[in-house]
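Below: the structure, in structure tokens.
Given the structure is predicted, the values throughout are model-derived calculations rather than measurements.
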Amino acid sequence: MKSPLLTLPGAVPAEGVDEGVAAHYGDLFREQRALADGTGFVDLSHRGVVTVTGDDRLAWLHLLLTQHVSDLPAGQATEALILSANGHIEHALYLVDDGETVWAHVEPGTQEALIAYLESMKFFYKVEVENRTADIAVVHLPAGSIAEVPQGVAVRETPYGRDLFLPRADLEAYAGQAGPPAGILAYEALRVEQHRPRLGFETDHRTIPHELGWIGSAVHLQKGCYRGQETVARVQNLGKPPRRLVFLHLDGSEVHLPVAGTELRLAGDGPDGRKIGFITTSVRHHELGPVALALVKRNVAVDAPLVAGDTAAAQEVVVEP
């Protein structure tokens, strides 16, 4: 979905999975500072939107998701995963129930596969699943924002801000009153600062929730059976995940950021050292400078200096080894 806000002054289109919205509007650091100060908004209208209605919606989703949602209060935001039978992450949902409908936004382009899975699991439950991406746009207001929320719009309120499920036809008009726009690069910079993983960025085909710190926030350990639960319980009770998420401070003297997938090595091992991890997301932060999220082997010492390609990197613990 190509956003109409790409016509705003200074808009530079994003590429890759975030294609369809603006990467920035001419000043990346100004946009970051605005979001950090609680002003402006982010156009996330490229994200998929899925709704579930029906009397059984919460009880049914409770059987499928990693999160405890059977008694989810109306208006309370949560996040949840869908795992494979082997416990690997397949989908990430950011959802809220408004008392009649569960609203969820998901990574761009994943909504059709998600809906196909949900439809295959309906059985006799009184639920209806619908793809609302064509008529609903997600808009993010940062924490502290005093921007008005239109009446009747579903809202996910989190410590990081509010996600609005806005009628797509109202997107341009709302942008005119919501304050200065910030692009997806500013949003991503704050996400990295907050150590928040993203499906398809911090995950690959074998990622399990423990590696990214999703236990608790997206995975409830005291709920009934769901696909992949055996792996979650086994790792939680008997072992450790093979990898862990770290936050990296990168050498600010380098002109170019190491891109996603850049191999990490121990600095003391030299350029031919063994690979011990890889960059997942790298950004330029308005205060911290160049920083990144990365996955490293669990047994890498937490104080070990690293090298990302040719760039020196110092790690902060996100997931304990």
Side-chain angles (χ1 to χ4, degrees), residues 1-28 30-32 34-53 75 77 79 92-98 100-112 114-115 129-158 160-191 198-199:
M1 302 292 293
K2 185 175 181 180
S3 173
L5 303 190
L6 286 172
T7 61
L8 292 178
V12 175
E15 298 178 347
V17 69
D18 289 321
E19 182 180 3
V21 296
H24 61 83
Y25 294 89
D27 192 335
L28 174 61
R30 177 188 59 77
E31 294 165 30
Q32 285 186 37
L35 293 179
D37 290 340
T39 59
F41 70 95
V42 184
D43 175 13
L44 299 179
S45 62
H46 63 315
R47 291 184 64 81
V49 176
V50 176
T51 59
V52 182
T53 55
E79 56 188 64
L93 295 80
Y94 301 85
L95 53 89
V96 66
D97 183 79
D98 66 5
E100 296 181 352
T101 301
V102 172
W103 296 81
H105 65 79
V106 298
E107 286 298 322
T110 66
Q111 62 269 22
E112 291 184 2
L114 170 62
I115 289 172
V129 181
E130 189 172 356
N131 184 353
R132 300 293 303 275
T133 310
D135 65 301
I136 298 294
V138 179
V139 172
H140 175 77
L141 300 177
S145 171
I146 59 172
E148 182 179 351
V149 176
Q151 189 173 3
V153 169
V155 179
R156 288 187 71 252
E157 185 157 3
T158 75
Y160 310 107
R162 289 173 289 173
D163 298 334
L164 279 55
F165 293 87
L166 189 73
R168 193 171 289 273
D170 298 340
L171 180 57
E172 286 185 271
Y174 186 74
Q177 66 184 45
I184 192 70
L185 292 182
Y187 180 84
E188 283 289 284
L190 299 189
R191 178 182 72 81
R198 182 177 174 187
L199 183 76

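- When side chains are defined from C-beta on, Leu95 does not count as touching Glu79, because their heavy atoms never get closer than 4.5 Å.
- Taking OG1 of Thr53 as the reference point, atom CG of Asp97 lies at 10.5 Å (rounded to 0.5 Å).
- Here the CG atom belonging to Asp135 is positioned 4.0 Å from the CZ atom belonging to Arg132, to the nearest 0.5 angstrom.
- Using modelled atom types, one side-chain atom of Asp43 and one backbone atom of Ser45 make a donor-acceptor pair closer than 3.5 Å.
- No donor-acceptor pair closer than 3.5 Å links the side chain of Arg162 to the backbone N or O of Glu157.
- In this structure a side-chain-to-backbone donor-acceptor pair under 3.5 Å is missing from Thr101 to Trp103.
- To the nearest 0.5 Å, atoms CG (Leu164) and CG (Leu141) are separated by 5.0 Å.
- Residues Val155 and Val96 are not in side-chain contact: their nearest non-hydrogen atoms beyond the backbone lie 4.5 Å or more apart.
- Across all their heavy atoms, Ala22 and Ala11 have their closest contact at CB-CB, 4.3 Å.
- The two atoms that bring Val17 and His46 nearest to each other are O-CD2, 3.8 Å, heavy atoms only.
- Contact between Pro13 and Leu6 at its shortest, heavy atoms only, is CA-CD2, 4.0 Å.
- Looking at Tyr94 and Arg47, their side chains come closer than 4.5 Å, going by heavy atoms from C-beta outward.
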Go through the steps to decide whether Val50 and Val129 satisfy the test side-chain contact (heavy atoms from CB on, under 4.5 Å), and finish with yes or no. CA-CA 7 Å; Val50 176; Val129 181; 3.9 Å; yes
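- Closest of all the heavy-atom pairs between Val49 and Ile136 is CG2-O, 3.8 Å.
- Contact between Gly161 and His140 at its shortest, heavy atoms only, is CA-CE1, 3.9 Å.
- Atom CG of residue Leu93 and atom CD of residue Glu107 lie 10.5 Å apart, to the nearest 0.5 angstrom.
- For the pair Arg198 and Asp18, the salt-bridge criterion is met [side-chain N within less than 4.0 Å of a carboxylate O].
- The closest donor-acceptor contact from the side chain of Gln32 to the backbone of Arg30 lies at 3.5 Å or more, if one exists at all.
- Shown here for Thr133 and Gly48, the closest heavy-atom pair between the two residues is OG1-CA, 3.5 Å.
- Glu31 places a side-chain N or O within donor-acceptor distance of the main-chain N or O of Tyr25, the cut-off being under 3.5 Å.
- One distance of note links CG of Asn131 with CD1 of Ile115; it measures 4.0 Å at 0.5 Å rounding.
- Other residues, nucleotides and ligands contribute only 12 or fewer heavy atoms inside 6.0 Å of the CD atom of Glu148.
- Side-chain atoms of Leu166 and Leu171, non-hydrogen and from C-beta on, do get closer than 4.5 Å to each other.
- Considering only heavy atoms from C-beta on, Thr51 stays 4.5 Å or farther from Phe165 through its side chain.
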